Amino acid sequence: MPTPRKPERARPPVSALAARRLGRIHHVALIVRSIEKSVPLYRDLLGLALETVMDIPSDGVRIAFLGVGESKVELVEPTDDSTGVARFLANRGEGFHHVCFEVANLAEELTRLGIDGVELIDSSPRRGAEGPVAFLHPRSCHGVLIELIEAPGGPAWRGLGYPAS
Ligand code: ZN
């Protein structure tokens, strides 16, 4: 008997994402004291690919994205003591912060979730480092902070002024 071939893994089209609501896990975000000190674990010891390191002064953070499979790990280092992530680090220490799922149409998902009684931190898509994003409140999500990001090419990209690619 021939060994069955594993199907090739390909990114589903946006329409398929809509049918099954959530696409891939886009990233998992971890709060760290220092990007510089935590990157060596993920890049050198665990072998993830370092994609970007950037400062986001408006959010008071420095972030790094490392690729793993179809997903990423986001390291978040607070650079401003007055932010929520800085308080998170002070109160709970380093560790898991949020999970981000990809959706086809973010505004539609937010409307649907709002109607279904999910508490939204962002009631409409806003600019994130990697695309339009919105957060759902942990109170509505069994203690987990959930972020949703719109898949590239979705309607919020143009609305928020991302360059067409
Ligand atoms: Zn995130």
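Counting starts at 1 for both ligands and their atoms, following the listed order. Just so it is clear, the model here is predicted, and its values are computed rather than measured.
A ring-centre distance under 6.0 Å is not found for F101 and H26.
Metal site remark for the Zn ion (ligand 1): C100 contributes no N, O or S atom at a distance under 2.8 Å.
By the 4.0 Å N-to-carboxylate-O rule, K72 lies close enough to E51 to be salt-bridged with it. A salt bridge links R139 with E119: the distance from a Lys NZ or Arg NE/NH1/NH2 to an Asp or Glu carboxylate oxygen falls below 4.0 Å.
Ring geometry, H27 versus H98: the interplanar angle exceeds 60°, so the pair is classed perpendicular (tilted spans 30 to 60°).
Note: angle at the Zn ion (ligand 1), from OE1 of E74 to NE2 of H98, is 100° (rounded to 10 degrees).
Of all the N, O or S atoms in E147, the one closest to the Zn ion (ligand 1) is OE1.
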